[in-house]
Amino acid sequence: MNGPRKRVYVKSFGCQMNVYDARRMADTLAPEGYSETAAAEDADLVILNTCHIRDKAAEKVYSELGRVRRLKEAAAADGRRVVVAVAGCVAQAEGEEIIRRQSAVDVVVGPQSYHRLPDLLRRAARNEKAVDTEFPVDDKFAHLAAPSTAAIRARGASAFVTVQEGCDKFCTFCVVPYTRGAELSRPVRAIVAEAEHLAASGVREVSLIGQNVNAYHGEGPDGRPWSLARLLTRIAEIGGIERLRYTTSHPCDMSDDLIAAHRELTALMPQLHLPVQSGSDRILTAMNRRHSRADYLDLVRRLRQARPDLALTSDFIVGFPGETAADFNATLDLIEEVGFCGAFSFKYSPRPGTPGAEMDCQIDEDTKSQRLSRLQAAIERQQAAFNARCLHRSFDVLFERPGRHPGQIVGRSPYLQPVQVMAPASLIGEIATVNIVEIGSNSLFGVLASPAPARARESDRLAAGA
Ligand code: 5AD
Ligand code: SF4
């Protein structure tokens, strides 16, 4: 490390991939002398990690950049230089245009080039404007620095690991295949090494993430492509990793071995995010989803056969071009037929350059809003019913952080529900069994069922000076 310590503030928008990327950017900047700060006004480097999936994403970035510009000018008045970087999918889509429109920006870096950040910042330090939105052939993951043990501990016992990026599906509403590029899977060896490093630093739960994670086909140690199921099975063998998840999946890539993994792998949590987008075959075809309503329902049946307690979440888009009242009702029917424990739902937002944006019969804003609130009401009812069924059950909870009230800590159930418990803070980072005694609107409340695990008891004893 050279020079005095500098502070980096990263603001992430959008999906879990961006959360993971923000962490890896911070890890890569740590050896350059940067530590993370949560206060933008203290920062020497501000990174906006942007999302392009919906809405007027670029416009939002420019208005955010207006605020960052004022920070930069205030710092300059104090004789301090602030470097401004735009990363993520808007950076990829807009490139140099960002600097043309907002001259306070020094660096524009696309998601495939984060390993080159130190170099781009050196150019910015020489007052050059630095833009890198290439899709380099070298593996960025091989060049991104690993997090320190201290950074892993600060981030908690549940960690993301990106296993694949990009998407080859070309759903007609989606920009991902354009901004994140073709599907690319990381090799098994690199993922296992990363998971082992996390486990050695106290991580208990690993979520494998990717835009189309179940299309994973990375090279195995045997030189052959491994499926996601095989990768999950291998990671489950790592000592300390007690919980596994993966997201986001496409129904068409839900292979038989992955379905079987839900039966066979006890570490694989009984909650799956499986976007369906619509319940109408006509709209599914127009969206180029490559499966029918019946295919999805059959898939859900097979998954529940493998894992009867599996809880499903999904993504829905309302108001895709041409969506009639009958199409929308088919989506509501599908929701009733499946029974979800939660979902994300969105109004269709035309993305420039995607086929959907060019389609006739765009739906007006009012109809979209009405359909969205009806759909969300249906999902909220299902979520409340699911939570209500959890009363008096007992779950293993992975505790993550202090709770809202003194003496309380909060963790996640196997179904990802937040669970608030009065329990010693030494249990944070541990799994303990909890009896659910009350259902709140956003979380469950419970009491510890089992004696605290041995490791936590030991630290209690030490803390008590025994
Ligand atoms: N408009 C609305 N929602 C979209 N999504 C992706 N693209 C669009 C769009 N153009 C939603 C899909 C996807 C989730 C990540 O975002 O539901 O599954
Ligand atoms: Fe976008 Fe997902 Fe469709 Fe890929 S599978 S194009 S990421 S919605």
Side-chain angles (χ1 to χ4, degrees), residues 12-21 50-60 88-90 92-93 111 162-185 209-217 228 246-255 272-280 283-291 295-296 299 312-323 327-328 331 334-335 340 342-359 362-365 367-369 371-372 375-376 379:
S12 254
F13 302 84
C15 67
Q16 289 156 336
M17 307 283 293
N18 268 9
V19 175
Y20 175 86
D21 283 348
T50 60
C51 170
H52 205 214
I53 196 110
R54 282 176 296 276
D55 295 321
K56 302 173 184 71
E59 291 317 310
K60 274 194 221 157
C89 293
V90 177
Q92 186 65 43
T162 292
V163 301
Q164 71 81 230
E165 282 193 301
C167 184
D168 296 338
K169 291 286 186 297
F170 290 93
C171 300
T172 52
F173 52 80
C174 186
V175 284
V176 166
Y178 310 94
T179 52
R180 292 273 178 159
E183 203 282 320
L184 186 98
S185 296
I209 60 173
Q211 269 104 14
N212 185 180
V213 74
N214 58 344
Y216 179 83
H217 61 276
L228 184 67
Y246 61 92
T247 199
T248 288
S249 295
H250 191 289
C252 292
D253 292 314
M254 217 64 217
S255 54
L272 178 66
H273 187 62
L274 194 60
V276 63
Q277 316 293 357
S278 168
S280 150
I283 297 297
L284 287 170
T285 304
M287 286 176 165
N288 190 33
R289 288 291 289 178
R290 305 158 193 238
H291 66 79
D295 294 334
Y296 187 84
L299 185 55
L312 289 162
T313 56
S314 196
D315 289 344
F316 295 93
I317 295 178
V318 300
F320 187 78
E323 187 188 67
D327 293 319
F328 175 65
T331 302
L334 177 132
I335 291 174
F340 292 96
F344 299 109
S345 47
F346 314 99
K347 292 192 250 185
Y348 171 66
S349 153
R351 313 308 293 133
T354 61
E358 308 297 318
M359 289 181 186
Q362 298 285 330
I363 306 296
D364 65 89
E365 214 36 46
T367 308
K368 283 186 198 171
S369 300
R371 289 181 185 168
L372 187 68
L375 189 147
Q376 287 181 338
I379 293 291

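Predicted model, so just to flag it, every value in this text is computed and none were measured. Ligands are counted one by one from 1 in listed order, and the atoms in each one are counted from 1 as well.
Distances from ligand 2 to the non-hydrogen atoms of Arg289 include at least one value under 4.0 Å.
When the options Asp315, Val276, Thr172 are ranked by their closest heavy atom to atom 18 (O) of ligand 1, first place goes to Asp315.
Atom 17 (O) of ligand 1 has Gln277 OE1, 2.7 Å as its closest protein atom, hydrogens excluded (heavy atom only). Of all protein heavy atoms, the one lying nearest to atom 16 (O) of ligand 1 is Arg54 NH1, 2.7 Å.
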Walk me through whether Asp21 and Asn18 qualify under side-chain contact (heavy atoms from CB on, under 4.5 Å).
CA-CA 5 Å; Asp21 283 348; Asn18 268 9; 4.2 Å; yes
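For the pair Gln164 (side chain) and Gln211 (backbone), a donor-acceptor distance under 3.5 Å is present. Under the 3.5 Å distance criterion, the side-chain polar atoms of Arg351 are matched with a main-chain donor or acceptor of Ile53.
What you find for Pro275 and Ser249 is that their closest heavy atoms are CD-O, 3.1 Å. When all heavy atoms of Tyr246 and Leu228 are compared, the pair lying nearest together is CD1-CD2, 3.6 Å. Nearest heavy-atom pair, Gly88 versus Pro111, reported as atom, atom and distance to 0.1 Å: O-CD, 3.5 Å.
Of the N or O atoms in Ser349, one or more lie within a sub-3.5 Å distance of an N or O in ligand 1.
Between Glu365 and Lys347 a salt bridge is recorded (basic side-chain N to carboxylate O distance below 4.0 Å).
The backbone of Lys347, and not its side chain, has at least one atom closer than 4.0 Å to an atom of ligand 1 (non-hydrogen atoms only; backbone = N, CA, C, O). When heavy-atom distances to ligand 1 are checked against a 4.0 Å cut-off, Phe173 comes that close through both its backbone and its side chain. Of all the heavy atoms of Cys167, the ones lying under 4.0 Å from any atom of ligand 2 belong exclusively to the side chain.
Metal site remark for atom 1 (Fe) of ligand 2: Cys174 contributes an N, O or S atom at a distance under 2.8 Å.
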